[in-house]
Amino acid sequence: MNKLKKIAIIGASYLQLPLVKKANSLGHETYCFAYLEGAVCKDYCTKFFPISIVDKEEVLEICRTLKIDAVLSIASDLAVVTVNHIAKELGLIGNPDTSTIRSTHKYTMKNYLSNASLRVAKFALCKTLDDLEQIKNFNYPVIVKPVDRSGSLGVSKITSRDTLSEAFETAHLNSISKEVIVEEFISGTEVSVECISQNGIHSILAITDKVTTGAPNFVELEHHQPSQIGQVVQEEIRALIPQALDVLQVQNGASHSELIITSSNQIYINEIGARMGGDFIGSDLVELSTGFDYLAGVLKVSLGEELHFKSSINKCSGVIFRNN
């Protein structure tokens, strides 16, 4: 990548800062779009536009005027919608509209995965309190969460119907579309999987062990690579993820899959995002563990440059979050 390119980056929080710095280091121009509040990238990018990442038409027109060469975002489900819209309209590298809805709406995602005979927890979509009646035959505990948010925002684990309405209201309040998904809780070991795709070819980069606070909100505390789960299960995961990405029609760029491994080694897909994992997983841990420059890789994919995936080292890395 020795020719200067114009890179549109949707989002400007600390999550996007590693991408901005990487693109800058490779000699590219960087253009960031986000609300001003929390937009730390504004001090690092070539030009900053204080526009919401969900205002996709306004962002599109600026990108059209700039004649950008690529558009991407590395750690935001909300940004995926705008990224793929701009890529489609400007003839750039991205994922199709079908992938956008399948990878950003948890209920739609679970429907497609389930219909493809990939293992997911029993689930239901609820838009109102009355809709909760459809889960009367679910086994408790259950997880209640917004269909369109990432991380632990609005997520609750409840053990009886007594607190179901309260959990629904919390998830509903945090949902952009005001839709909530309720799932039976699957007990097991949590792992995530980082992958990079180009033209529908998927390369697994790393499997990450996760430590959370547990119930009721499952805030993530630690991430460690490489995973310590058994090699047989790891091989099953490496076969499963490309199947799931094909179902969701994720063809280009980073992806972050969250899985649960039961005591009997059954693998359940929890969620899959068409973006890097946050919490420094994608931006830092992958390269520290494998030697593969994940950030440079997603830039190459977005620019249509041939990607040569190679893991050059096999080391351990991790991140631990402390509340002082």
Side-chain angles (χ1 to χ4, degrees), residues 77 103-175 177-193 207-223 227-230 233 236-237 240-241 244 248 256-273 277-279:
D77 289 325
S103 64
T104 61
H105 191 280
K106 292 177 175 58
Y107 176 76
T108 303
M109 178 189 302
K110 291 291 176 72
N111 254 335
Y112 275 95
L113 293 173
S114 177
N115 289 338
S117 299
L118 300 181
R119 190 179 286 115
V120 297
K122 188 176 180 180
F123 62 98
L125 178 69
C126 300
K127 300 181 181 181
T128 68
L129 285 170
D130 290 340
D131 291 338
L132 295 176
E133 185 63 23
Q134 65 184 304
I135 71 162
K136 61 183 179 182
N137 294 323
F138 276 34
N139 294 316
Y140 284 82
V142 298
I143 300 293
V144 185
K145 57 188 176 183
V147 298
D148 47 14
R149 300 307 290 260
S150 57
S152 305
L153 194 61
V155 178
S156 301
K157 174 188 174 185
I158 61 171
T159 57
S160 73
R161 194 174 178 88
D162 294 342
T163 53
L164 181 58
S165 296
E166 180 182 352
F168 170 84
E169 294 291 1
T170 298
H172 191 265
L173 179 66
N174 284 281
S175 172
S177 62
K178 301 308 176 187
E179 295 178 323
V180 172
I181 185 170
V182 181
E183 306 169 340
E184 288 189 349
F185 175 73
I186 304 298
S187 178
T189 301
E190 294 187 61
V191 302
S192 60
V193 185
I207 301 174
T208 309
D209 289 334
K210 179 193 300 187
V211 178
T212 75
T213 59
N217 303 121
F218 300 93
V219 177
E220 297 177 0
L221 296 176
E222 302 178 23
H223 302 285
S227 173
Q228 298 302 300
I229 60 174
V233 175
E236 291 180 6
I237 289 172
L240 170 65
I241 295 305
L248 301 182
H256 174 75
S257 303
E258 298 184 351
L259 311 175
I260 298 174
I261 318 300
T262 69
S263 58
S264 58
N265 286 336
Q266 288 186 317
I267 304 171
Y268 281 80
I269 300 175
N270 188 22
E271 296 177 11
I272 296 179
D279 288 349

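For the single chain, residues carry numbers from 1 onward in sequence order. Note: hydrogens, waters and symmetry copies are ignored here, and every other heavy atom, side chains too, is used.
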Determine whether Pro146 and Leu153 make a side-chain contact, defined as any pair of heavy atoms from C-beta on separated by less than 4.5 Å.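 No, their side chains stay 4.5 Å or more apart.
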Do Val193 and Thr208 have side-chain heavy atoms sitting under 4.5 Å apart?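 Side-chain contact under 4.5 Å: no.
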Return the set of residues passing side chain to side chain contact (heavy atoms under 4.5 Å, CB included) with [X] (not counting sequence neighbours), or none when no residue passes.
{"X": "Ser263", "value": "none"}
{"X": "Leu173", "value": "none"}
{"X": "Leu118", "value": "Leu113, Ala116, Leu240, Gln243, Ala244, Val247, Ile269"}

Can you tell me how far [atom2] of [Y] sits from [atom1] of [X], rounded to the nearest 0.5 angstrom?
{"X": "Ile186", "Y": "Ile260", "atom1": "CD1", "atom2": "CD1", "value": "6.5 Å"}
{"X": "Tyr107", "Y": "Ser177", "atom1": "OH", "atom2": "OG", "value": "13.0 Å"}
{"X": "Leu259", "Y": "Tyr268", "atom1": "CG", "atom2": "OH", "value": "13.0 Å"}
{"X": "Ile237", "Y": "Ser192", "atom1": "CD1", "atom2": "OG", "value": "10.0 Å"}
{"X": "Ile207", "Y": "Ile241", "atom1": "CD1", "atom2": "CD1", "value": "8.0 Å"}
{"X": "Ile267", "Y": "Ser257", "atom1": "CD1", "atom2": "OG", "value": "11.5 Å"}

Less than 3.5 Å apart, which donor and acceptor atoms pair up between the side chains of residues 133-144 and the rest of the protein, not counting sequence neighbours?
residue, atom, partner, partner atom, Å
Gln134, NE2, Leu125, O, 2.6
Gln134, NE2, Asp131, O, 3.2

Would the distance check show the side chain of [X] and the main-chain N or O of [Y] forming a donor-acceptor pair, the cut-off being under 3.5 Å?
{"X": "Lys122", "Y": "Glu184", "value": "no"}
{"X": "Asn174", "Y": "Thr170", "value": "yes"}
{"X": "Lys106", "Y": "Arg149", "value": "yes"}

For [X], what residues pass the ring pair (Phe, Tyr, Trp, His ring centres under 6.0 Å) criterion, not counting sequence neighbours?
{"X": "His105", "value": "none"}
{"X": "Tyr112", "value": "none"}
{"X": "Phe185", "value": "none"}

Note: Glu222-Lys210 ion pair, threshold 4.0 Å (strictly below):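 No.
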Among Thr163, Val182, Leu129, Ile158, exactly one meets side chain to side chain contact (heavy atoms under 4.5 Å, CB included) together with Phe168. Which residue is that?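 Going through Thr163, Val182, Leu129, Ile158 one by one, the side chain to side chain contact (heavy atoms under 4.5 Å, CB included) with Phe168 is satisfied by Leu129 alone.
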Going by side chain to side chain donor-acceptor pair (under 3.5 Å), name the residues that satisfy it together with [X], two or more places apart in sequence or in a different chain.
{"X": "Ser103", "result": "none"}
{"X": "Asp279", "result": "His223"}
{"X": "Ser187", "result": "none"}
{"X": "Ser227", "result": "Asp209"}

Should the heavy atoms of other residues, nucleotides or ligands under 6.0 Å from CD of Glu166 be counted, would the total exceed 12? no
Take atom NZ in Lys127; do more than 12 heavy atoms of anything else shown fall under 6.0 Å from it? no
Full working for side-chain contact (heavy atoms from CB on, under 4.5 Å) between Glu190 and Glu258: CA-CA 7 Å; Glu190 294 187 61; Glu258 298 184 351; 5.9 Å; no
Show, in sequence, the C-alpha distance, side-chain angles and deciding distance for Ile272 and His256, and conclude whether the side-chain contact (heavy atoms from CB on, under 4.5 Å) test is met. CA-CA 6 Å; Ile272 296 179; His256 174 75; over 6 Å; no
Test: salt bridge (charged side-chain N to carboxylate O under 4.0 Å, His left out). Region: residues 137-148. Which pairs qualify, not counting sequence neighbours? Lys145-Glu183, Lys145-Glu271
Evaluate side-chain contact (heavy atoms from CB on, under 4.5 Å) for Lys178 paired with Thr128, printing each intermediate quantity in order. CA-CA 9 Å; Lys178 301 308 176 187; Thr128 68; over 6 Å; no
